[in-house]
Amino acid sequence: MTTNASNSPLISSLHQALGESAVIANPDELLVYECDGFTISRACPVAVVFPTTTEQVVSAVNICREHRIAITPRGAATGLAGGIVSVLPSVQLSTARMTNILQLDLRNRCAHVEAGVTNLALSQAVANSPYHFAPDPSSQRASTIGGNVATNAGGLHTLKYGVTVNHILGLECVTSDGCVHTVGGATGHDIGPDLAGLLCGTEGTLGIITKIWCRLIPRPTAFRTALAVFDSPRLACQSVADIIAAGITPAALEMLDGPMIAVIESVFHLGLPATAQAALVIEVDGQDLGLDEDLAAIEAICKKNNATSFEGGRDPARRAELWNARKRTFGAIGRISPSYCTQDACVPRSKLPEVIDHCARVCNQYQIRISNVFHAGDGNVHPILMFDETDESAVKNALAASGEILRYCISIGGTLTGEHGVGIEKLPYMSDMFSPIDLAMMHKIRTTLDPTDTMNPFKVLPRPDHPPLDLLRPARHAPQ
């Protein structure tokens, strides 16, 4: 891999292949592309290219290989783990202009889309049909289907419907040798290894996803949505564990703690009491028959755990109001903190009360403010650590607290990530979750599909032969 800063032949080749309007190489313009939602680690790429077809993706990959420069795939950059940071001098390859919905095959419950189609655009395209695309990350207004696949994104309704990989029938991808591969397809009946499943969640390290066959499933015809308020996060978490233990599977079961309730109430005015320390937003869906019984059982559980109020019903306007507020919680944090880091681990639901208490203790130790809003039903916790990014000691404390939280979640039987991916942020903790033998096998798969180490290097898998990356120092040059 070259570290030569003179890249004019590279830029000329990209201009010739994709057109000048599809290439950004001006240093001032490149500043916009130095990070994703994990703003602690930043590094400008050499260039950003915007292909509009698979053929142009192939051309860009071949040019980068000829010039021995890395490729960093990019979707909408809504990721929260530094997955698009250019650790080595690299070309970011954005699929943001590949926005065609190629086919809606409702008879076979399949949508064929390009990687740059946003999650919301696909949802809107099938809105008047009996079917829907179930994954619904909070960033769905901007996040792309290709990006959802790359990180195996979840969403508010993951508890019942699963993560992105559960709704992917097939993929088209371009590997580092410039070859186009199709794995799976419209029927989802592939022979041999589940290669589409393998590619989901690999964050562009095995190839660039260009097209996706998405599974469409029947749309629920009835809903009951509830809001339960508690005096403590522990009581709310206990209610979550009790609801699942009772054999009820809500479509969504979300939790907000006191600080987050205060922020949300100041923006959306949902009518939550100022003294509330936790709230659950709960939804059951499906056929109308039986939903009232589920809602009554959930209310009884919440009240057994001393809920101070419980509001439930079928009003579509109130339902839309609650979910709109929930999906915009992270943006609302900007009202109370200049910077924040959102963690993402999955833990056994029965451990949620202990996890919330532990997060509070760790952040108190490091003098970091914390707020929680997360997918409680599937144990996917998202502690939000708030700090001042201009204060280096505060950033170090936020990273240290994040590390302690992640290691604790792993130690009690949890996982390192539920939906945000590993990126660059969680590299130091992969060895806490996986044995050297496990990591070696993952490296074998990676080097088999990317022998030139071109695709998003220094992401997802730690390098045992290289010291840990310094997240606080922008990696504008290749590690020596």
Side-chain angles (χ1 to χ4, degrees), residues 1-36 43-79 83-86 88-103 112-118 121-122 142-150 171-182 203-212 450 452 454-457 476:
M1 195 78 65
T2 182
T3 59
N4 191 337
S6 178
N7 292 292
S8 56
L10 167 69
I11 304 304
S12 296
S13 297
L14 292 171
H15 280 159
Q16 184 174 0
L18 279 71
E20 292 194 11
S21 63
V23 180
I24 291 177
N26 185 302
D28 292 338
E29 295 177 288
L30 291 173
L31 285 172
V32 179
Y33 299 91
E34 66 178 357
C35 68
D36 56 14
C44 285
V46 171
V48 184
V49 297
F50 298 89
T52 57
T53 65
T54 298
E55 292 72 24
Q56 287 190 344
V57 172
V58 170
S59 296
V61 168
N62 287 335
I63 290 169
C64 289
R65 186 177 67 255
E66 291 166 6
H67 289 269
R68 301 184 66 210
I69 192 162
I71 298 169
T72 304
R74 178 190 178 98
T78 57
I84 65 162
V85 176
S86 298
L88 297 179
S90 70
V91 170
Q92 282 190 15
L93 194 151
S94 170
T95 57
R97 296 183 187 177
M98 301 177 69
T99 58
N100 292 310
I101 296 177
L102 303 170
Q103 184 182 25
H112 189 201
V113 304
E114 291 181 331
V117 172
T118 64
L122 177 56
S143 65
T144 64
I145 302 294
N148 293 168
V149 171
L171 300 169
E172 178 189 88
C173 74
V174 179
T175 47
S176 61
D177 57 2
C179 291
V180 180
H181 303 272
T182 299
E203 303 180 43
T205 59
L206 302 183
I208 299 167
I209 296 162
T210 49
K211 293 174 185 173
I212 305 106
D450 182 21
T452 59
T454 298
M455 294 293 181
N456 214 7
R476 300 186 186 278

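This structure is a prediction, so every number in the text was calculated from the model and none was measured.
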Original post:
If you look at every heavy atom in Gly75 and Thr144, which pair is closest and at what distance?
Top reply: CA-OG1, 3.9 Å
**OP:** May I ask you to decide if Gly83's main-chain N or O and Asp36's side chain share a donor-acceptor pair within less than 3.5 Å?
**Re:** yes
Original post:
Pick from Ile208, Asn456, Val48: which one makes a side chain to side chain contact (heavy atoms under 4.5 Å, CB included) with Leu93?
Top reply: Ile208
Subject >> Check: Thr72 side chain, Ile84 main-chain N or O, donor-acceptor pair, under 3.5 Å >> reply: no
Subject >> Distance in Å, Leu14 CG paired with Ile63 CD1, rounded so as to fall on 0.5 Å steps >> reply: 5.0 Å
Original post:
Where do Pro51 and Ser94 come nearest, in terms of heavy atoms and distance?
Top reply: CD-O, 3.2 Å
Subject >> Candidate list Ser86, Cys44, Pro73, test side chain to side chain contact (heavy atoms under 4.5 Å, CB included), partner Gln92, passing option >> reply: Ser86
Original post:
To the nearest 0.5 Å, how far apart are OG in Ser90 and CD1 in Ile71?
Top reply: 9.0 Å
Original post:
Around Glu20, counting heavy atoms of other residues, nucleotides and ligands shown, do more than 12 lie under 6.0 Å from its CD?
Top reply: no
**OP:** Find out whether Val57 and Met98 are in side-chain contact, i.e. whether some heavy atom of one side chain is under 4.5 Å from a heavy atom of the other.
**Re:** yes
Subject >> Leu88 versus Pro457, closest heavy-atom pair with distance >> reply: CD1-CG, 3.6 Å
Subject >> Shortest non-hydrogen contact between Ser143 and Ala76, atoms and distance >> reply: CA-CB, 4.1 Å
**OP:** Identify the heavy atoms of Val46 and Pro89 that sit nearest to each other, and give their distance.
**Re:** CG2-CB, 4.0 Å
Subject >> Close side-chain approach of Leu10 and Val91, heavy atoms under 4.5 Å >> reply: yes
Subject >> Side chain to side chain, His181 and Thr175, heavy atoms closer than 4.5 Å >> reply: yes
Original post:
Going from NZ on Lys211 to CD on Gln103, what distance comes out if it is rounded to the nearest 0.5 angstrom?
Top reply: 12.0 Å
Subject >> Close side-chain approach of Thr54 to Val174, heavy-atom, < 4.5 Å >> reply: yes
Original post:
Between Val49 and Ala60, what is the shortest heavy-atom contact and its length?
Top reply: CG2-CB, 4.4 Å
Original post:
Is any side-chain heavy atom of Met455 less than 4.5 Å from a side-chain heavy atom of Leu206?
Top reply: no
**OP:** Output the distance between atom CD (Glu114) and atom CZ (Arg97), rounded to the nearest 0.5 Å.
**Re:** 13.5 Å
Subject >> Non-hydrogen side-chain atoms of Ile24 and Phe50 separated by less than 4.5 Å >> reply: yes
Original post:
Say you draw a straight line from CD of Gln16 to CD1 of Ile11; how long is it, rounded to the nearest 0.5 Å?
Top reply: 13.5 Å
**OP:** To the nearest 0.5 Å, tell me how far Asn148 CG sits from Thr118 OG1.
**Re:** 9.5 Å
